[in-house]
Amino acid sequence: MKKAQAKVDPIPFTLDGFNKLKEERTRLLSERPEAVMHLKKAREMGDLSENGYYKSSRWKLSQIDSRLRYLNHMLRYGKIIESKKSDSVELGSTVVLFDGSKEVTYQIVGGEESNPSQGSISYKSPLGKALLGKKINEKVQFHAPVGIIVYLIKAIS
């Protein structure tokens, strides 16, 4: 009798974010044979209990394999969300916001690809949630660690 598998919800990605995962997976798959070779060499040296080369080689291979499992899961369940040309904010939109003194620009992305320091925020973040569905010249407010922040949407692309 087969064991029932839990249903996994699709993981939303922009096309760029999904392609970056594929590139990273390809890179790690190309690095893995060398890591296996280093581990094999280290094992041949004998006493593994005091072999730093063995421990570091095993750690490196473990890190590669762990990341590959993660990437395979993301790629298997990832769903590319196409950004439609819309007059409201949605996943994939790039939004220019004004807080009264300066403008900031963010792209709304899936949770797994967000990086606020590089201008991409998750649609699940407080700001991302507040922006979804809003239009140009609408104000959005959200709770941040520093308190309530209000932005005016200047542009959506």
Side-chain angles (χ1 to χ4, degrees), residues 1-86 88-97 103-134 140 142-146 149 151 153 155-157:
M1 190 158 89
K2 277 192 171 181
K3 186 173 140 182
Q5 258 189 343
K7 185 177 184 288
V8 177
D9 291 332
I11 303 165
F13 282 95
T14 60
L15 178 60
D16 188 42
F18 194 78
N19 286 337
K20 284 180 182 175
L21 288 182
K22 290 194 315 193
E23 289 168 10
E24 182 181 0
R25 181 174 169 258
T26 300
R27 180 183 55 78
L28 288 174
L29 285 171
S30 72
E31 291 175 8
R32 191 176 187 285
E34 183 179 352
V36 169
M37 188 254 324
H38 282 290
L39 184 61
K40 184 179 179 205
K41 268 190 200 176
R43 279 187 181 141
E44 291 169 354
M45 292 179 171
D47 185 13
L48 301 181
S49 64
E50 295 183 23
N51 186 335
Y53 180 47
Y54 171 76
K55 289 176 183 176
S56 70
S57 297
R58 189 180 68 195
W59 181 85
K60 175 74 172 169
L61 182 59
S62 174
Q63 293 300 306
I64 289 172
D65 287 344
S66 175
R67 185 68 181 166
L68 282 171
R69 282 190 298 276
Y70 171 80
L71 292 171
N72 286 333
H73 176 81
M74 291 292 117
L75 292 169
R76 180 175 181 190
Y77 295 106
K79 179 181 178 195
I80 297 171
I81 305 297
E82 295 292 330
S83 179
K84 304 166 207 83
K85 289 296 176 195
S86 173
S88 62
V89 179
E90 58 188 30
L91 190 70
S93 296
T94 298
V95 185
V96 178
L97 305 170
E103 284 188 355
V104 291
T105 302
Y106 291 112
Q107 181 182 22
I108 311 301
V109 297
E112 300 297 324
E113 59 183 310
S114 69
N115 188 342
S117 65
Q118 293 185 353
S120 59
I121 60 169
S122 168
Y123 72 100
K124 292 180 177 182
S125 69
L127 177 56
K129 286 179 186 176
L131 286 169
L132 289 178
K134 299 290 194 263
V140 295
F142 70 101
H143 293 277
V146 295
I149 296 178
Y151 282 121
I153 300 174
I156 302 170
S157 59

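Please read these numbers as outputs of a predicted model, since none were measured by experiment.
Side chains of E24 and L71 form a contact here, defined as non-hydrogen atoms less than 4.5 Å apart. Under the 4.5 Å side-chain criterion, counting only non-hydrogen atoms from C-beta, R25 is not in contact with R67. For the pair L127/I149, no side-chain contact is recorded, criterion being any heavy-atom separation below 4.5 Å from C-beta on.
Considering CZ of R76 and NE2 of H73, their distance stands at 9.0 Å, rounded to 0.5 Å. Rounding to the nearest 0.5 Å places CD1 of I121 at 12.0 Å from CG of N115. Summarising the geometry, atom CG belonging to L21 is positioned 10.5 Å from atom CG belonging to N72; distances are rounded to the nearest 0.5 Å. The structure places OG of S114 at 11.0 Å from CD of Q107, a figure rounded to the nearest 0.5 Å. In this structure, the separation between CG on L91 and CD on E82 is 10.5 Å, given to the nearest 0.5 Å. Summarising the geometry, atom CD1 belonging to I80 is positioned 13.0 Å from atom CD1 belonging to I11; distances are rounded to the nearest 0.5 Å.
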### Query
Can I153 and V96 be said to form a side-chain contact (heavy atoms from CB on, under 4.5 Å), step by step?
CA-CA 6 Å; I153 300 174; V96 178; over 6 Å; no
### Task
Report the C-alpha separation of I156 and T94 in whole Å, then their side-chain angles, then the decisive distance to 0.1 Å, and conclude whether the side-chain contact (heavy atoms from CB on, under 4.5 Å) test is met.
CA-CA 6 Å; I156 302 170; T94 298; over 6 Å; no
### Message
Quick one, I81 with F13, criterion side-chain contact (heavy atoms from CB on, under 4.5 Å). Give me CA distance, side-chain angles, the key distance, then yes/no.
### Response
CA-CA 6 Å; I81 305 297; F13 282 95; over 6 Å; no
### Query
When you look at E103 and Y151, which way does the side chain to side chain donor-acceptor pair (under 3.5 Å) test go after all the steps?
CA-CA 9 Å; E103 284 188 355; Y151 282 121; over 6 Å; no
#### Entry: Working for side-chain contact (heavy atoms from CB on, under 4.5 Å), residues F18 and M74
CA-CA 9 Å; F18 194 78; M74 291 292 117; over 6 Å; no
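In terms of heavy atoms, I64 sits closest to L28 at CG2-O, 4.0 Å. Closest approach of S125 and S122 over heavy atoms only: OG-O, 2.8 Å. Contact between A130 and K134 at its shortest, heavy atoms only, is O-CG, 3.3 Å. Here the closest non-hydrogen pair linking I108 and L132 is CG2-CD2, 4.2 Å.
The backbone N or O of V109 sits nowhere less than 3.5 Å from a side-chain atom of S120 that would complete a donor-acceptor pair. Side-chain atoms of S93 never come within 3.5 Å of backbone atoms of V95 as a donor-acceptor pair (strictly under, hydrogens ignored). S66 contributes no side-chain N or O that, together with a main-chain N or O of S62, makes up a donor-acceptor pair within less than 3.5 Å.
For the pair R27 and E31, the salt-bridge criterion is met [side-chain N within less than 4.0 Å of a carboxylate O]. Using a 4.0 Å cut-off between a side-chain N of Lys or Arg and a carboxylate O of Asp or Glu, D65 and R69 do not qualify as a salt bridge.
Side-chain contact, Y54 with E44: no donor N or O sits under 3.5 Å from an acceptor N or O. Side chains of E113 and T14: a donor-acceptor N/O pair is present below 3.5 angstrom, by distance only.
By the 30° and 60° cut-offs, the orientation of the rings of H38 relative to Y53 is perpendicular.
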